Amino acid sequence: MYSEKVMDHFRNPRNMGEIPDADGIGSVGNPTCGDLMNIYIKVKDNVLIDVKFKTFGCGAAIATSSMTTELAKGKTLDEAMKITRGDVAESLNGLPKIKMHCSNLAADGLHAAIKDYLKKKEE
Ligand code: FES
């Protein structure tokens with residue numbers, strides 16, 4: 001079963017939506033279920049000052065995305081790159097084993113958005 005924290009983030013997702021002038025966008029798909037995730041980031045002085053998400057995923061994907069944006073906000077890019085799906089699941093007081101793959105979407109999307117930002121910065 002889902003923890004209270006998962007249910008809370010599912011019912012009241014934090015940071016849901018788009019950042020129209022995002023500095024980086026990560027778009028990833030989940031090979032296990034085919035669901036999709038977009039993560040948008042805003043960066044200032046190497047710190048994530050804003051993080052938002054949009055997902056076409058299940059309830060666990062919504063809750064893990066919501067938690068990921070909370071974990072990532074205010075972190076440096078290096079620190080955010082180290083956020084794992086395990087960290088996200090742990091912060092939600094666990095996920096059912098069968099739903100662990102859902103937390104890949106958010107963590108992978110965040111990392112992809114940071115890589116997108118770094119690539120754009122180089123160009
Ligand atoms: Fe697809 Fe959860 S079942 S992200």
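Residues take their numbers from the sequence shown, with the count starting at 1. As a basis for the values below, the full set of heavy atoms in this structure was taken, side chains included, without hydrogen atoms, waters or symmetry mates. All values reported here derive from a predicted model rather than from experimental measurement. Read the numbers this way: they start at 1 and go in the same order the structure lists the ligands and their atoms.
Rounded to the nearest 0.5 angstrom, Met1 CE and Leu95 CG are separated by 12.5 Å. To the nearest 0.5 Å, atom CG of residue Leu71 and atom OG1 of residue Thr68 are 6.0 Å apart.
Within 6.0 Å of the CZ atom in Phe10, the count of heavy atoms belonging to other residues, nucleotides or ligands does not exceed 12.
Listed by chain and number, the protein N, O or S atoms at a distance under 2.8 Å from atom 1 (Fe) of ligand 1 are Cys33 SG, Asp35 OD2.
Legend: residues meeting side-chain hydrogen bond (donor to acceptor under 3.5 Å, both in side chains) with Glu18, ordered by chain and number and at least two apart, are Lys54. Judged as a salt bridge (charged side-chain N to carboxylate O under 4.0 Å, His left out), and not counting sequence neighbours, the contacts of Asp21 are Lys42.
For residues 109-119, every residue pair satisfying the side chain to side chain donor-acceptor pair (under 3.5 Å) rule, not counting sequence neighbours, is listed here: Asp116-Lys120.
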